[in-house]
Amino acid sequence: MARIIQRCIWCSQRMQVSTEVYTTTCPVCQTVNPVRSRDPIQRQSSLTMTHSPMLPSVYGKKRAVLCGVSYRFRKCELKGTANDVNCMRTLLRDKFSFPDNCILVLSEDEKNPLQIPTKQNIRNAMRWLVQGCQPGDSLVFHFSGLGVQQLDQDEDEVDGYDEAICPMDYETSGTIVDDEINEVLVRQLPRGAKLHAIIDASHSGTVLDLPYVYKIARDGLCQWVNQNLPSTYKGTNGGLAISFSSCRDDQTSDDTSAYSVNATTGAMTYCFVQALESKPGATYGELLNSMRFSIGEVQKGILNCGPIASLLRKMLRTGFSADPQLSASEQFDAYSKPFTL
């Protein structure tokens with residue numbers, strides 16, 4: 001009987017499980033987990049998620065989770081992450097008709113204790129986002145904060161490292177790794193549903209563990225590259241998942257500390273919003289080019305004024321080199337497919 005190692009999607013406890021079963025119960029927190037399948041056709045999970053009555057009870061066809069973590073009163077404090085989620089909320093509401101009561105915001109400015117961006121609250125919010133997802137649903141997950149790399153414990157990463165996002169209490173509760181984000185947000189996405197992730201953090205290139213990354217070579221040649229190991233399936237249950245992230249997995253703002261200040265916080269979100277505002281109907285490839293172009297112009301000294309230039313100059317002064325990334329659960333023509341939510 002084949003056995004694999006996987007983490008509990010609730011408490012991250014490592015478990016040895018049989019591939020012959022569909023679900024397994026975590027021995028620590030008793031959460032029922034879907035068992036990863038080595039078959040490229042993902043099996044439907046029987047996982048049921050608990051809904052908190054204090055979270056929004058509305059499940060519209062369009063809904064979003066927006067996380068902005070500031071890490072206040074600490075050395076790694078970030079400025080502007082709360083503004084990032086406010087900008088995203090305005091964009092989703094005004095340009096893409098997301099109802100206010102279907103947008104769940106987590107930031108340190110929120111009064112509801114379940115909307116403070118702790119590890120447990122972010123986990124709850126991710127489950128709220130995908131709970132009851134149906135064909136035709138459009139989901140958005142946005143995170144602005146710190147990102148890190150850590151050693152891969154279950155040997156499912158080509159480069160030997162997991163990527164992770166840092167909740168407000170990461171120093172005591174730990175990070176949320178890409179395996180868990182993929183398990184919760186991606187793997188159960190049904191056919192006909194779509195998920196867009198916008199991740200403004202260091203080491204965020206493949207933080208959703210999506211199979212395909214869109215590579216643009218120096219000669220301009222573009223192609224999708226499969227980043228997953230042949231024995232590991234990280235795709236959806238028939239739906240479409242797409243992620244824009246601020247940089248490659250190996251890029252960080254400060255090489256001296258894994259938990260250093262991420263100078264790109266705000267810059268990527270700003271570039272993303274501005275690209276959509278300035279070019280209605282843009283394709284995925286055009287959005288990616290627009291974000292990379294803004295950074296390139298500052299690096300060349302061509303773009304010298306305006307808020308985006310100021311943000312990016314700050315980023316470059318720290319020695320940060322950012323290449324916004326596009327990844328997806330399936331390949332598509334990035335320069336003919338319009339961006340839609």
Side-chain angles (χ1 to χ4, degrees), residues 12 52 54-56 64-92 100 103-129 140-150 163-178 180-181 197-204 207 245-247 251-273 307-308 310-320 322:
S12 295
S52 168
M54 291 186 70
L55 294 180
V65 167
L66 313 178
C67 301
V69 193
S70 302
Y71 317 96
R72 287 177 180 165
F73 311 115
R74 281 174 279 177
K75 186 178 179 180
C76 64
E77 182 173 355
L78 300 178
K79 306 293 184 182
T81 53
N83 289 335
D84 288 346
V85 295
N86 289 333
C87 288
M88 285 297 299
R89 176 164 51 185
T90 299
L91 177 78
L92 294 177
D100 259 331
I103 300 175
L104 176 59
V105 172
L106 281 74
S107 80
E108 289 161 63
D109 291 335
E110 296 299 319
K111 305 302 181 184
N112 184 341
L114 290 186
Q115 290 180 250
I116 303 299
T118 63
K119 182 175 183 177
Q120 192 62 61
N121 286 346
I122 294 175
R123 283 173 158 176
N124 288 342
M126 290 194 300
R127 287 172 177 77
W128 172 86
L129 182 64
V140 172
F141 178 72
H142 172 246
F143 178 85
S144 180
L146 294 175
V148 297
Q149 274 190 319
Q150 53 197 54
E163 286 67 50
I165 56 175
C166 297
M168 185 181 76
D169 57 345
Y170 73 90
E171 293 152 310
T172 55
S173 299
T175 62
I176 302 177
V177 298
D178 50 10
E180 178 177 353
I181 297 172
I198 299 92
I199 310 297
D200 199 344
S202 295
H203 302 295
S204 56
V207 77
S245 51
S246 61
C247 59
Q251 291 180 320
T252 181
S253 58
D254 184 350
D255 293 333
T256 63
S257 170
Y259 294 102
S260 58
V261 174
N262 171 25
T264 63
T265 296
M268 183 268 183
T269 301
Y270 187 91
C271 286
F272 179 79
V273 172
I308 189 60
S310 176
L311 280 169
L312 295 175
R313 276 197 299 274
K314 177 185 176 184
M315 175 182 72
L316 296 173
R317 280 200 298 272
T318 66
F320 190 94

Checklist entry - How many angstroms lie between CD1 in Ile176 and SG in Cys166, if you round to the nearest 0.5 Å? => result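 Here the interatomic distance stands at 9.5 Å.
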Item to check | Ile199 CD1 to Phe272 CZ distance, which is reported to the nearest 0.5 Å | outcome: 11.0 Å
Is the side chain of [X] donor-acceptor paired with the backbone N or O of [Y] at a distance under 3.5 Å, no angle test?
| X | Y | value |
| --- | --- | --- |
| Tyr270 | Cys87 | no |
| Ser245 | Ser204 | yes |
| Lys119 | Ser173 | yes |
| Tyr170 | Leu146 | no |

With heavy-atom distances below 4.5 Å as the criterion, would you say the side chains of [X] and [Y] are in contact?
| X | Y | answer |
| --- | --- | --- |
| Val65 | Met126 | no |
| Ile122 | Pro167 | yes |
| Ile103 | Val105 | yes |
| Glu108 | Pro117 | yes |
| Asn121 | Leu106 | yes |

State, to 0.1 Å, how close [X] and [Y] come at their nearest heavy-atom pair, and which atoms those are.
| X | Y | answer |
| --- | --- | --- |
| Ala164 | Val207 | N-CG2, 4.1 Å |
| Tyr71 | Cys76 | CB-SG, 3.7 Å |
| Phe141 | Cys67 | CE1-SG, 4.1 Å |
| Thr81 | Ser70 | OG1-OG, 2.9 Å |
| Ala201 | Cys247 | O-SG, 3.6 Å |
| Ser246 | Ser202 | OG-N, 4.5 Å |

Checking side-chain polar atoms at under 3.5 Å, does [X] have a donor or acceptor matched by the opposite partner on [Y]?
| X | Y | result |
| --- | --- | --- |
| Ser144 | Thr269 | no |
| Asn86 | Arg89 | yes |
| Gln150 | Thr175 | yes |

Next on the checklist: I'd like to know whether Ile165 forms a side chain to side chain contact (heavy atoms under 4.5 Å, CB included) with Asp178, so could you lay out the CA-CA distance, the side-chain angles of the two residues, the decisive distance to 0.1 Å, and finally the verdict.
Outcome noted: CA-CA 8 Å; Ile165 56 175; Asp178 50 10; over 6 Å; no
Next on the checklist: Among Asp84, Ile181, Val69, Ile198, which residue satisfies the side-chain contact (heavy atoms from CB on, under 4.5 Å) criterion with Phe143?
Outcome noted: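 Testing Phe143 for a side-chain contact (heavy atoms from CB on, under 4.5 Å) against Asp84, Ile181, Val69, Ile198 leaves exactly one candidate, Val69.
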Item to check | Residues Arg72, Asp109: salt bridge by 4.0 Å N-O rule | outcome: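 Yes.
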Next on the checklist: Salt bridge or not between Lys75 and Glu77? Use side-chain N to carboxylate O under 4.0 Å.
Outcome noted: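 Between Glu77 and Lys75 there is no salt bridge, as every charged N stays at least 4.0 Å from the carboxylate O atoms.
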Checklist entry - Where do Val273 and Met88 land on the side chain to side chain contact (heavy atoms under 4.5 Å, CB included) test, with the steps shown first? => result CA-CA 7 Å; Val273 172; Met88 285 297 299; 4.1 Å; yes
